[in-house]
Amino acid sequence: MSALEDLNARFALAGQLSFVDGPGGLVQARIENDLAAAAVTLYGAHVMTFQPRSHEPVLWLSPQTHFAVGKAIRGGVPVCWPWFAAHPEQATYPSHGFVRTQPWQVSATAAMPDGTTRLQLTRAATPDETEFWPHAYRLELLVTVGQSLSLSLNVHNPGQHAFTYTGALHTYFTVGDVNRINITGLDQTDYLDKVTGFDRKTQAGPVIFTQETDRIYLDTAATCVINDPVLRRRIHVAKSGSQTTVVWNPWAEKSAAMPDMGPDAYRTMVCVETANAADDQITVPPGASHHLQAEISVEALQ
Ligand code: BG6
């Protein structure tokens, strides 16, 4: 029996979930139920697509992304852990931690009575990671696909000593035209502006996009709403276990310089990231866990 056949024998759900070989040989779970469709690769526990019935795709996945072991996937929902963005001390360590470019294991699947489909992926420490992260850990990402997409990252410390981390569910969203959207939910919230060297500023009104935008909004548990008059919809991003929201669009020059994005890619995407970053560092005592959750739903505009 091949590894793929074995996965399907143990975890496929008739008519709802199956495992297939995806681009780059990366195995992915294809989920399709009466409420929505989604694809999740075991590589990085990376949700790549999500589309509720009667809506356009919600997540943005770069047409130029690499699907290859060792490369991060551009788009969808990278799981960033155990550090957000650049490592605070080690410039050569991978951006956004290492688990987004590592294999995860399937630990459970379930067809739920409410019509949603669940997939749980797990990753525990391996000896070759101790260079980056010397602590024992167990991550579980529970993906629930229904009318909304629910992502729950459980970070468990099975070791003898506390550890402290940052991270994010780094969601990329499809928008009609980034020049025409706005994001509400962050009015009067302080943020660090990465574009101007981490200056501390305060948001006034909705977030609009006219240039490169890379902001770490501080001390906020608010739901954000992406208001999109072109795709005639609102995307709601609700969260828990997170006091940080990151908003990112690289704009024209940086987008063109990124081989896995391309010149105009920035126009149709925006990231609203459910994060633990900056001062929002999470310490997990031995035997304890922290849960980071994001709930993504779409509302059609008339
Ligand atoms: C965002 C950061 O979360 O991710 C940006 O705030 C960064 O600074 C972006 O450029 C993409 O990161 P990466 O490592 O996936 O290219």
Side-chain angles (χ1 to χ4, degrees), residues 26 41 43-48 59-88 90-102 132 151 153 165-175 178 183 186 189-201 203 207 209 211-218 220 224 226 237 239 242-263 265-282 292 294 296:
L26 306 181
T41 172
Y43 177 67
H46 199 121
V47 180
M48 296 186 296
L59 300 179
W60 183 87
L61 183 63
S62 173
Q64 317 278 2
T65 190
H66 306 291
F67 290 108
V69 172
K71 303 246 184 199
I73 295 170
R74 178 70 63 199
V77 190
V79 176
C80 304
W81 195 88
W83 57 87
F84 177 79
H87 188 280
Q90 303 289 346
T92 58
Y93 283 13
S95 169
H96 288 313
F98 54 86
V99 300
R100 66 172 172 166
T101 54
Q102 295 295 325
F132 296 133
L151 302 171
L153 180 68
Y165 68 90
T166 56
L169 296 166
H170 188 312
T171 31
Y172 287 73
F173 295 101
T174 293
V175 297
V178 74
I183 297 174
L186 296 167
T189 303
D190 282 4
Y191 63 91
L192 303 178
D193 190 341
K194 286 179 81 172
V195 177
T196 62
F198 288 85
D199 286 341
R200 192 174 177 120
K201 301 177 181 173
Q203 181 65 38
V207 184
F209 298 85
Q211 60 188 335
E212 182 188 357
T213 303
D214 194 353
R215 300 177 181 174
I216 302 174
Y217 286 88
L218 305 168
T220 174
C224 286
I226 304 170
V237 186
K239 63 173 187 168
S242 155
Q243 288 295 323
T244 317
T245 297
V246 176
V247 176
W248 179 59
N249 182 288
W251 218 249
E253 208 177 311
K254 282 207 173 155
S255 184
M258 293 162 76
D260 59 356
M261 277 197 81
Y266 79 97
R267 289 178 190 274
T268 55
M269 57 73 66
V270 72
C271 289
V272 177
E273 306 166 36
T274 296
N276 300 116
D279 291 343
D280 178 21
Q281 307 197 352
I282 305 296
L292 177 67
I296 294 155

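Whatever order the structure lists ligands and atoms in, that order sets their numbers, starting from 1.
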To check your reading of the model: name the closest protein heavy atom to [atom], its residue, and the distance in Å.
atom                    : answer
atom 3 (O) of ligand 1  : Glu273 OE1, 2.8 Å
atom 14 (O) of ligand 1 : Ser95 OG, 2.6 Å
atom 12 (O) of ligand 1 : His96 NE2, 3.3 Å
atom 16 (O) of ligand 1 : Arg74 NH2, 3.0 Å
atom 1 (C) of ligand 1  : His170 NE2, 3.4 Å

Is there side-chain contact between Ile216 and Lys194, with heavy atoms separated by less than 4.5 Å?
yes
Would you say Cys224 and Lys239 make side-chain contact, with heavy atoms under 4.5 Å?
no
Residues at least two apart in sequence or cross-chain that pass ring pair (Phe, Tyr, Trp, His ring centres under 6.0 Å) with Phe209, listed by chain then number, are none
For His96, the ring pair (Phe, Tyr, Trp, His ring centres under 6.0 Å) test, sequence neighbours excluded, returns Phe84, His170
Value for CG (Leu61) from NE2 (His46), rounded to nearest 0.5 Å, stands at 7.0 Å
One should read off an interatomic distance between Tyr191 OH and Leu218 CG, to the nearest 0.5 angstrom, of 11.0 Å
Inset, instruction - Compute the minimum heavy-atom distance from Arg100 to ligand 1 and say whether it is under 4.0 Å. - result: yes
Exercise. Does ligand 1 have an atom under 4.0 Å from some heavy atom of Arg215?
Worked result: no
In ligand 1, the atoms that come under 4.0 Å of a heavy atom of Asp214 are 2 (C), 5 (C), 6 (O), 8 (O)
